[in-house]
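Just so you know, these numbers come straight off a predicted model, no measurement behind them. Note on naming: letters A, B, ... go to the chains in the order of the sequence lines (proteins, then strands), and numbering restarts at 1 for each one.
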Protein chains: 2
Amino acid sequence: MARDPDAPRPPRAATAGRAPRATAPAGVVTLQQVAERAGVSPSTVSRIINGTAIVAEAKKQAVADAIEALGFVPNPVARGLAGGRTLSIGVVTQVIDSPFYGGALRGIEDVLQLAGYSPLFVSGHWTTTDEARCIEMLRARRVDGLILLDGRISDSAVKALARQLPVVVTGRQIKAPGLFSLAFDNLRGARLATEHLLALGHRRIAFIGGDPQHPDAVAREQGWRDAMASAGVPVDEALREHGGYIEEGGLRAMERLLDSGHAFSAVFAANDQMAYGAALALHRRGLQVPQHISLVGFDDVATSQYTLPPLSSVRQPVVELGRRSAEAVLDLIAGRKPTAELSAPEMVARESSAALPG
Amino acid sequence: MARDPDAPRPPRAATAGRAPRATAPAGVVTLQQVAERAGVSPSTVSRIINGTAIVAEAKKQAVADAIEALGFVPNPVARGLAGGRTLSIGVVTQVIDSPFYGGALRGIEDVLQLAGYSPLFVSGHWTTTDEARCIEMLRARRVDGLILLDGRISDSAVKALARQLPVVVTGRQIKAPGLFSLAFDNLRGARLATEHLLALGHRRIAFIGGDPQHPDAVAREQGWRDAMASAGVPVDEALREHGGYIEEGGLRAMERLLDSGHAFSAVFAANDQMAYGAALALHRRGLQVPQHISLVGFDDVATSQYTLPPLSSVRQPVVELGRRSAEAVLDLIAGRKPTAELSAPEMVARESSAALPG
DNA sequence: TTGTATGCGTTATCAA
DNA sequence: TTGATAACGCATACAA
């Protein structure tokens, strides 16, 4: 199929002679050739490259020279087949261009690259079917480990997976052999946000939640409730809305809040994107942030620093999440016990929240 | 190295007997097994799977049944080694979590997946060294094709690459065998933005440009100049600033513009992120958008719809760019001639631009 | 139309 | 310490 098999064979490059099956992209050096040039056996070359066994210093040098001279690069595909390790890690994210998880991908990429591994990024689209398909694909490609960034897959399915290969999963706390989990402290973060508003004197604090299907969405709502309860401030159920974690949802939720007629002086949105939508809704109604209504988001996405006004938010260590996840799979692969921990969420007060007037 | 080689051999699963080299993750079915069960030779199975030759309907069915029953999934690693095709496409992006190129990644993912290919995403970080490293890695992994999203690699290097494997490159227009290029019409987009402001009556239109190293940055500046020239409006060089394509840069640029003392009633920022920064700078000086200053961005990033005020911007068909790029590599791989074209940029007028008062 | 034999580039086993 | 030799799982040239 590649490059029209029926066509007359294109004249091979100058280095004709042997005409193999068109595998090697012409000019590719094999370990075999290195061995010949260095005057040793292929096994020895392999051993030197992988540090699998002790070899004589002289041969080591000869092989190093040959590798250098020939510009040899090991073929990961062949390595994968022969050795069973592909030096690749499957990463199941939900949306490849998520403004939030993007940082995690960066963290993963950094750590893996330094370790000589490559991430294989795939998107689960928050659906079990897509996730399952992705995971199957990754297993077929023989990844050495798996990082699951949140997702809808069940705990038991994750555990089953971990029996087959090292797995790191975020967004939940489960324990099983071959498995490591890592989660943000959403409860604490949401408490932080609410306490920030309470400290500013607000009492009637509305909450715009995410998709209740997400475990973090319920944790964030619980954090809001906990903080209110700790402060002895009753929660008005009419002040709880859902925005599905997207801008438009935040906008609609805010409109419903405004239309409900229930008074409030502050809003805590369970993510920054909903906060953006909420801010726009307020703006459309002629209400100013924070003069009329204080607004706090969650996640502290990159652009929140530059919104009008700059958005107060709860910072999640998301790049760190990526780094730790990658370190953890590497640990699992090496047979070490991962010990990664995430730093705590942090309240970043900017200009969208202010003291309750009066 | 994987899972402690020194430990006593873990008791193999129930299906012991042959104890191969620990490659197969226990319970993996091979084409061989399918062949046995179907009562045909491995080659026949292979032919059926790949449609490489005509086979008897009866055997076809038997093999299909066996595949179904055994849950056979071909091993891409072995396929890659044997057939020389890995069914994977290398995608060199610049930052894995770019708010702009994210859409392109999504488009690529969609198209490739439907064709049975997998993208391998890597980040070049806008540096030639990282890019070179990424490309080397991808070649080592024997990707069947390459998509280069912009990047700093030279045209000649791209052409050289295209002699080795199918390459699609965006952000420039070059022609060579095995190569296809695809670029946004930045010039036209920038003209559109400027003409929009001119149509609103603005004459003193400032420009905040991106990194002059980017070819698109110079095209966007040129578009601004062209539109001004066409309208017979002289360009005041003092109204041209650079913001490096980032928020902070936009903010600083706007401050410089304000401090310069040169009057202007509108600003065209060469991307949305700089526009955000610029808006914040105006806000800090007590200037309102669009009442005092009109603002137009470029790229129409997702959140621009929800900024305060919603940002007028030039929409680039970025998801389409991804889709077309993917289709084009697939074409090249199949020996077809790619014919992809991009739809034109579009001015999206929102609330950050308004008629010149008075 | 189908089966056999061989090779892809590397690692792992076993003797030496 | 080193080198043959046999896989790894599949695709393909060739023979039948």
Query raised in the report: What nucleotide among D:dA11, C:dT10, D:dT2 has an atom nearest to a side-chain atom of A:Lys59?
Result: D:dT2
**Report entry** Exercise: do B:Thr44 and B:Ser41 side chains pair donor with acceptor under 3.5 Å
**Finding:** yes
Query raised in the report: To the side chain of B:Ala78, which of D:dG9, C:dT11, D:dA11 is closest?
Result: D:dG9
Query raised in the report: When we call it a touch if two heavy atoms are under 4.0 Å apart, what does B:Val45 touch: a base, just sugar-phosphate, or nothing?
Result: nothing
Report summary line: Out of D:dC8, C:dT10, C:dC8, minimum distance to the side chain of B:Leu81 belongs to C:dC8
Requested in this report: Would you mind telling me which of C:dG9, C:dT2, D:dC10 lies closest to the side-chain atoms of A:Ala82?
Outcome: C:dG9
Report task. Please report, rounded to the nearest Å, how far the C1' atom of C:dG9 is from the CZ atom of B:Arg141. Result -> 15 Å
Report summary line: Only one of B:Thr129, B:Thr128, B:Thr127, B:Asp130 passes side chain to side chain contact (heavy atoms under 4.5 Å, CB included) with B:Arg152, and that residue is B:Thr128
Requested in this report: Check the distance between C:dT11's P and A:Arg142's CZ and give it to me in whole angstrom.
Outcome: 18 Å
Query raised in the report: Which of these nucleotides, D:dT2, D:dC10, C:dG9, is closest to any side-chain atom of A:Thr44?
Result: D:dT2
Report summary line: B:Arg47 atom CZ is separated from D:dT12 atom C1', nearest whole Å, by 9 Å
Query - Residue-phosphate contact under 4.0 Å: B:Arg79 side-chain N/O, D:dC10 OP1/OP2 - result: no
Report summary line: Correct closest heavy-atom pair for B:Leu165 and B:Val143 would be CD1-O, 3.5 Å
**Report entry** Residue met sooner reading DNA chain D from 5', once A:Ile54 and A:Pro42 are mapped to nucleotides
**Finding:** A:Ile54
Query - Polar side chain donor-acceptor pair, B:Gln113 to A:Arg133, under 3.5 angstrom - result: yes
Query raised in the report: To the nearest angstrom, how far is A:Gln32 atom CD from D:dT5 atom C1'?
Result: 13 Å
Query raised in the report: Base, sugar-phosphate, or nothing: which does B:Ser43 touch, judged by heavy atoms less than 4.0 Å apart?
Result: base
Report task. For B:Asn75 and C:dC8, give me the distance from atom CG to atom C1', rounded to whole Å. Result -> 13 Å
Query raised in the report: Any side-chain donor paired with an acceptor under 3.5 Å for B:Tyr101 and B:Asp150?
Result: yes
Report task. Using a 4.0 Å heavy-atom cut-off across all strands, classify A:Thr30 as base, sugar-phosphate, or nothing. Result -> sugar-phosphate
Query raised in the report: Hey, is the side chain of A:Asn50 poking within less than 4.0 Å of OP1 or OP2 on C:dT11, counting only N and O atoms?
Result: yes
Query raised in the report: Can you tell me how far P of C:dG9 sits from CD1 of A:Ile49, to the nearest Å?
Result: 14 Å
Requested in this report: Figure out the CZ/P separation between A:Phe72 and C:dG9, and round it to whole Å.
Outcome: 10 Å
Requested in this report: Take the protein atom CG of B:Leu87 and the nucleotide atom C1' of D:dA11, then report the distance between them rounded to whole Å.
Outcome: 13 Å
